[in-house]
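Sequence lines set the chain letters: A, B, ... in the order given, protein chains first and strands last, and positions in each chain run from 1.
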Protein chains: 2
Amino acid sequence: MILERAAELLASSSSGDVSTRAVCEAAGVGQPVLYRLFGDKDGLLAAVVDRVWDEYLSMKRAARASADPLEDLRRGWDNHTAFALAHPHAYRLLFGGALASMPEAVDEAMGLLRGILERLAAQGRLRMPPEDAARFVMAANSGVSLGLILRPDSYPDPSISTDARDAAFRAILADTDDSEPGGADAAGVAATTLRAHLTESDALTAGEKALMREWLERIRRRRRAD
Amino acid sequence: MILERAAELLASSSSGDVSTRAVCEAAGVGQPVLYRLFGDKDGLLAAVVDRVWDEYLSMKRAARASADPLEDLRRGWDNHTAFALAHPHAYRLLFGGALASMPEAVDEAMGLLRGILERLAAQGRLRMPPEDAARFVMAANSGVSLGLILRPDSYPDPSISTDARDAAFRAILADTDDSEPGGADAAGVAATTLRAHLTESDALTAGEKALMREWLERIRRRRRAD
DNA sequence: CGTATCCACGTATCGACGATAACACAGACT
DNA sequence: AGTCTGTGTTATCGTCGATACGTGGATACG
């Protein structure tokens, strides 16, 4: 009850802060009740964050078991980012360091992530120990999510999360399959290289350059998607 | 003067918070002075963070220009992490989202990073646009640094930063096992490569491909003429 | 030289907040 | 019936961020 009201107030707050008085008034109790239950404002916020996180996690637990751990990994990343965007204030408390007492939600998420990565490692698809990979993926995911929340001007498009996701996975996964080394994504690299030289080149007009940039981006993305 | 005292108090604070009263008393001024100068406690903290960041950045600017942009990139990452560990409270304010008004330090760092990445892209060693790579590297770097600061139990060893650094760079760099970084005519090579891949690509229509081929040829010739 | 004006600073204070002491009351057990 | 324990309330303390107000001094002006 108190947690529910506190979560509502936190979500609807503009500054991301809540006063214990407001929570108590909304819940119809006095402040000492709150302090007996949670000991501290920090404890209250930790409990709120844990509650919101669990609520979200249960939604995720429903469709967890998948044949392909890589697919689970992708979904885990996307769910993480979606949670951050859906509950920015709670997420800031979790990963922004505003809470002195660390909620257990983070450890739980890290444990799930490590489980998935261990399955990947068992399949020989991981190029590093699952613990290291888990730390790296968690750090990258939280970094991207915090950026999306805190600096929307620098991270205007939420699709950045999926790009970063693929990049992060590329870093931890063993070189998969196919083509000859160096030629796996030659077209994508070439497109990026060319784009870098485009500004200083005087072979094309400004309008041509703009169109060229768009086409190069399409080639690069198409190349990566396949 | 006020900024200096505030920075000292922030650094020596255990909770990472500073009261305006303490700052004013340490600086020997009244509170209204502080509010006239910085408008707000938020403004004061933003100024403090900017100051500490600049102080650190100037140390970095001294030895900036290197022949190998990849080396600069590595040093940038390591400096970023070192700053986070040296000034955890200021770093939390910067990247933890505790400040409402975003200091310009982050944008500045992002600009420097993008500059290095553009040099890498010009050498044909980047597999994605410099902007995307900059966002990804910054997110990963801040995520790892925040993890090191906030969850030392999960990130016990600072060497994790270098591991994550190499992983992040692996994700954004082209596979250059041949140790032939670009050479002199990276743009020309990229244009030729792209032209070769153009026929089998379905990212562009036939008409677009035709025009693209012409532009690529113009770029290649102009490049070769130099 | 005298006076008016403006600016910068300190004092005192306000309202909100986190946290707690002191007290009140209901029910269980002896 | 008496006592104890747990749970709730009211009242209050000290701190904080922020600001209204008075005051002193430097400068511009007659």
Problem - Contact list for residues 135-147 of chain A, test salt bridge (charged side-chain N to carboxylate O under 4.0 Å, His left out), sequence neighbours left out - result: A/Asp132-A/Arg135

Practice task
Residues of residues 92-104 of chain B with any non-hydrogen atom less than 4.0 angstrom from an atom of DNA chain C: list those, numerically ordered, please.
Solution key: none

Handout entry: A/Ile149, A/Leu148, A/Ile160 screened by side-chain contact (heavy atoms from CB on, under 4.5 Å) with A/Thr81, the one that passes
Key = A/Leu148

Handout entry: Close side-chain approach of B/Met138 to A/Tyr155, heavy-atom, < 4.5 Å
Key = yes

Exercise for the section: Output all residues satisfying side-chain contact (heavy atoms from CB on, under 4.5 Å) with B/Ser14, sequence neighbours left out; order by chain, then residue number. Expected result: none

Handout entry: Polar side chain donor-acceptor pair, A/Asp157 to A/Ser159, under 3.5 angstrom
Key = yes

Exercise for the section: Decide yes or no on side-chain contact (heavy atoms from CB on, under 4.5 Å) for A/Arg165 and A/Val144, but give the supporting numbers first. Expected result: CA-CA 9 Å; A/Arg165 180 198 65 188; A/Val144 168; over 6 Å; no

Problem - Side-chain touch A/Arg74/A/Phe169, heavy atoms, less than 4.5 angstrom - result: yes

Problem - With B/Phe95, the ring pair (Phe, Tyr, Trp, His ring centres under 6.0 Å) member among B/His89, B/His80, B/His87 - result: B/His80

Between the protein and nucleotides 9-16 of chain D, which nitrogen or oxygen pairs are less than 3.5 angstrom apart?
| from | atom 1 | to | atom 2 | distance (Å) |
| --- | --- | --- | --- | --- |
| D/dT9 | OP2 | A/Gly30 | N | 2.8 |

Fill in the blank from the handout: Here the salt bridge (charged side-chain N to carboxylate O under 4.0 Å, His left out) pairs for residues 23-40 of chain A, sequence neighbours left out, are none

Problem - Positional range of nucleotides in DNA chain C within the contact set of chain B, heavy-atom, under 4.0 Å - result: C/dC9 to C/dT13

Exercise for the section: Would you indicate whether B/Glu104, at its atom CD, is surrounded by more than 12 heavy atoms from other residues, nucleotides or ligands within a distance under 6.0 Å? Expected result: no

Completion exercise
A/Phe38 CZ to D/dT7 P, in whole Å, measures 13 Å

